[in-house]
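Written out below as structure tokens is the structure these notes cover.
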Amino acid sequence: MRTDMDEAVVWLTIFVLSVFVGIEVIAKVSSTLHTPLMSGANAIHGVILLGAVLVTGTTDNDAALVVGLVAIVLAAVNMVGGFVVTDRMLKMFVRKKPKPADTKGEAA
């Protein structure tokens, strides 16, 4: 029979291991893949935001409602901020149009 303490240790272990795996995976990503992966992460944050709205909408507990509202705000800020950063990164790869030649000094 598992106690609450054992279950907490299991969840903490899973969390710590997932943090280490996440750091290792992100550290190995090349810079050319970073922008597409960040766009995918923004889409995942949209799903998280939707989940937070659905779960918060079904709660009857005031404390859970407050935590859910905080989760909704943080997920929205994270998602919008991610799209802003991705947009700025994509603008770095846009080629600038060449300026037209100066025709003031030329005869027609």
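When reading the values below, keep in mind they use all heavy atoms of this one structure, side chains included, and skip hydrogens, waters and symmetry mates.
- Checked against side chain to side chain contact (heavy atoms under 4.5 Å, CB included), Val16 has the following partners two or more places apart in sequence or in another chain: Leu12, Phe20.
- If you run side-chain contact (heavy atoms from CB on, under 4.5 Å) between Leu49 and each of Val80, Val73, Ile72, only Ile72 comes through.
- With sequence neighbours excluded, the residues that form a salt bridge (charged side-chain N to carboxylate O under 4.0 Å, His left out) with Asp87 are Lys91.
- Under a hydrophobic-cluster definition in which Ile, Leu, Val, Met, Phe, Trp and Tyr are linked whenever side-chain heavy atoms come within less than 4.5 Å, directly or via other members, Val53 and Met79 are assigned to the same cluster.
- Evaluation of the side chain to side chain contact (heavy atoms under 4.5 Å, CB included) rule for Val25 yields Val21 as partners, not counting sequence neighbours.
- Partners of Leu65 by side chain to side chain contact (heavy atoms under 4.5 Å, CB included), not counting sequence neighbours, listed by chain and number: Thr56, Thr59, Leu69.
- Not counting sequence neighbours, Thr58 has no partner by the side chain to side chain contact (heavy atoms under 4.5 Å, CB included) test.
- Annotation: the span from Phe83 atom CZ to Asn78 atom CG amounts to 10.5 Å, rounded to 0.5 Å.
- Annotation: salt bridge (charged side-chain N to carboxylate O under 4.0 Å, His left out) contacts involving residues 13-30, sequence neighbours excluded, comprise Glu24-Lys28.
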